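Here the structure is laid out as structure tokens; the discussion comes afterwards.
Just so it is clear, the structure is predicted and the values come from calculations on it, not from any experiment.
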Amino acid sequence: MIATGMLKGLKHEYEEPLNYTLAFKDASLFMNDALNQTVSIQFAGHIECVYCGRKIKKSFNNGACYPCFKNRPENDLCIVKPHECHFEQGTCRDAAWGEQHCMVPHYVYLAVSSDVKVGLTRKGNELKRWGDQGASYAVPVAELPTRKMAGELEVALSEYIADKTNWRKMLKGELPDVSLEQVRQDILKKVPEVFHPFLLREEEVIAIVYPQLEQIDKIKSYNLDKTPCIEDRLIGIKGQYLILENGVINMKKYAGYHISVTVHDS
């Protein structure tokens, strides 16, 4: 199997385990079938912006050229700090985009990826979000009418629960010995009263299984800028990472890179 072109990242479909596809601009490669095979990744030496196609020497925020990083709504600061949404002030970079992506229902959720964390995502996008984060368990705890309100609740809950994932622990499969259901019951008692009308109390905890043959003990990251040719045995896929026998690589980080991926039959 081989695929070549501008990389977009890993995409998945919710199955048990997740079905992963390595997505290119004009091609795709089903990666579950590559488990236990030797995979070659070759960086061709050039990058283009995933938004405008401009040839660039350096990408920003997973594949953007600098103008797209500075001007596109997907790259605004409020995307990583939703509670600072400024749509209502009339200063959104793209009001139509904001209406479609931010002024719509959002879930605030709890997930276990490295430790228990709190996060948010658009309603209907939760399975993609949890898979991209490498969550093993997740459950929504509230449904808010806008991204800004979801961000405000996330900030309130982050006083009690982390809002970041330790990606090294996540890839090692180091999970805390906790009941996410019990954590949910405990955290609901700490939700500020203003958010009580939006709480979800009956949602089921979702378990997510990843295609992985072996656990990895030491985390070494492959870097295509320093090592443009990588060849190693694929032992797992989790989040946006290919887990290889001797290292891991975050494929989303290299969105916009022109690469060739070959899966060698054993």
Side-chain angles (χ1 to χ4, degrees), residues 1 3 7 9-23 29-42 62 109-119 121 126-139 161-184 204-224 226-227 229-255 259 261-266:
M1 296 189 296
L7 180 66
L10 281 166
K11 295 185 177 181
H12 59 77
E13 294 181 357
Y14 185 74
E15 299 286 346
E16 190 173 323
L18 293 188
N19 280 331
Y20 273 98
T21 300
L22 192 58
L29 190 62
F30 183 60
M31 294 305 295
N32 289 48
D33 287 346
L35 285 173
N36 209 31
Q37 308 295 324
T38 298
V39 175
S40 297
I41 305 172
Q42 178 74 52
N62 303 316
Y109 63 83
L110 301 177
V112 180
S113 48
S114 52
D115 297 294
V116 180
K117 73 176 292 291
V118 62
T121 188
E126 59 273 14
L127 292 176
K128 178 182 183 302
R129 179 66 169 166
W130 297 337
D132 283 346
Q133 289 189 335
S136 294
Y137 302 95
V139 62
I161 296 180
D163 59 357
K164 299 290 190 297
T165 295
N166 182 319
W167 64 273
R168 292 178 180 273
K169 291 177 65 176
M170 178 270 289
L171 290 175
K172 288 182 179 180
E174 297 177 357
L175 300 179
D177 184 17
V178 299
S179 163
L180 192 57
E181 177 58 36
Q182 185 60 55
V183 174
R184 172 171 65 167
E204 294 185 359
V205 174
I206 299 296
I208 303 171
V209 179
Y210 296 88
Q212 190 160 357
L213 301 176
E214 306 168 20
Q215 293 293 341
I216 190 167
D217 295 325
K218 295 183 179 180
I219 302 297
K220 169 191 172 184
S221 292
Y222 283 118
N223 186 327
L224 285 177
K226 296 180 179 179
T227 309
C229 184
I230 298 166
E231 187 166 290
D232 202 349
R233 182 171 68 94
L234 182 68
I235 61 173
I237 313 169
K238 193 172 187 181
Q240 280 289 320
Y241 287 86
L242 295 182
I243 304 172
L244 300 154
E245 187 171 16
N246 298 296
V248 302
I249 180 168
N250 183 341
M251 301 308 288
K252 186 177 181 180
K253 175 182 177 180
Y254 298 103
I259 67 172
V261 177
T262 303
V263 178
H264 303 278
D265 293 332
S266 58

- Side-chain contact test, heavy atoms from C-beta onward, threshold under 4.5 Å: evaluate it for T227 versus N223 and give yes or no. no

- Task: Count the heavy atoms belonging to other residues, nucleotides or ligands that lie under 6.0 Å from CD of E245, then report whether that count exceeds 12.
- Result: yes

- Do the side chain of N32 and the main chain of L18 share a donor and acceptor less than 3.5 angstrom apart? yes

- Answer with yes or no whether the side chains of T165 and S113 bring together a donor and an acceptor at under 3.5 Å. yes

- pair H264-T262: side-chain heavy atoms closer than 4.5 Å: yes

- Kindly indicate whether the side chain of L10, heavy atoms from C-beta on, has any atom under 4.5 Å from the side chain of D132. no

- Task: Apply side chain to side chain contact (heavy atoms under 4.5 Å, CB included) to V183 and L110, showing your working.
- Result: CA-CA 8 Å; V183 174; L110 301 177; 4.0 Å; yes

- Query: Is there a side-chain contact between S221 and Y241, using heavy atoms and a 4.5 Å cut-off?
  - Reply: no

- Query: Hey, does the side chain of D163 reach the backbone of V118 with a donor-acceptor pair shorter than 3.5 angstrom?
  - Reply: no

- Short question: side chain of Y254, backbone of I259 - any donor-acceptor pair under 3.5 Å? no

- Query: Would T21 and M31 satisfy side chain to side chain contact (heavy atoms under 4.5 Å, CB included), going step by step from the backbone distance to the final call?
  - Reply: CA-CA 5 Å; T21 300; M31 294 305 295; over 6 Å; no

- Among L213, I249, D232, I235, side-chain contact (heavy atoms from CB on, under 4.5 Å) partner for I243: I235

- Considering all heavy atoms, the nearest K253-N62 contact: CA-OD1, 3.7 Å

- Less than 4.5 Å apart, any side-chain heavy atom of K117 and any of Q133? yes

- Message: Please check this pair: side chain of Q212 against backbone of E214, looking for a donor-acceptor N/O pair closer than 3.5 Å.
- Response: yes

- Keeping the roles fixed (side chain from K172, backbone from K218), state whether a donor-acceptor pair exists under 3.5 Å. no

- Item | Evaluation steps, side chain to side chain contact (heavy atoms under 4.5 Å, CB included), between Q37 and R233 | CA-CA 5 Å; Q37 308 295 324; R233 182 171 68 94; over 6 Å; no

- State, yes or no, whether a side-chain contact exists between Y222 and I41 at a heavy-atom distance under 4.5 Å. no

- Query: Where do C229 and Q42 come nearest, in terms of heavy atoms and distance?
  - Reply: SG-OE1, 3.2 Å

- Item | Residue that, paired with W130, satisfies ring pair (Phe, Tyr, Trp, His ring centres under 6.0 Å) out of Y109, Y210, Y14 | Y109

- Inter-residue atom distance K252.NZ - K11.NZ, 0.5 Å rounding: 12.0 Å

- Task: Determine the minimum heavy-atom distance between K238 and G173, stating which atoms define it.
- Result: NZ-CA, 4.2 Å

- I would like to know whether V116 and Y137 meet side chain to side chain contact (heavy atoms under 4.5 Å, CB included); could you show each step before the answer? CA-CA 9 Å; V116 180; Y137 302 95; over 6 Å; no

- Item | Side-chain donor-acceptor contact under 3.5 Å, E231 with S40 | yes

- Task: Could you check N166, L171, L175 and say which one makes a side-chain contact (heavy atoms from CB on, under 4.5 Å) with S114?
- Result: N166

- List the steps and the verdict of salt bridge (charged side-chain N to carboxylate O under 4.0 Å, His left out) for E126 and R129. CA-CA 5 Å; E126 59 273 14; R129 179 66 169 166; over 6 Å; no

- Query: What heavy-atom pair brings V112 and P176 nearest, and what distance separates the two atoms?
  - Reply: CG1-CD, 3.8 Å

- Task: Could you tell me whether the side chain of N36 reaches within less than 4.5 Å of the side chain of L234, counting heavy atoms only?
- Result: no

- Closest non-hydrogen atoms of L7 and M251, given as atom of the first, atom of the second and distance, are CD2-O, 3.4 Å

- Message: What I want to check is whether the side chains of N250 and Q240 have a donor and an acceptor closer together than 3.5 Å.
- Response: no

- Note on the structure: dist H12:NE2 -> L22:CG (nearest 0.5 Å) comes out at 13.5 Å

- So, Y20 side chain and P211 main chain: donor-acceptor pair closer than 3.5 Å or not? no

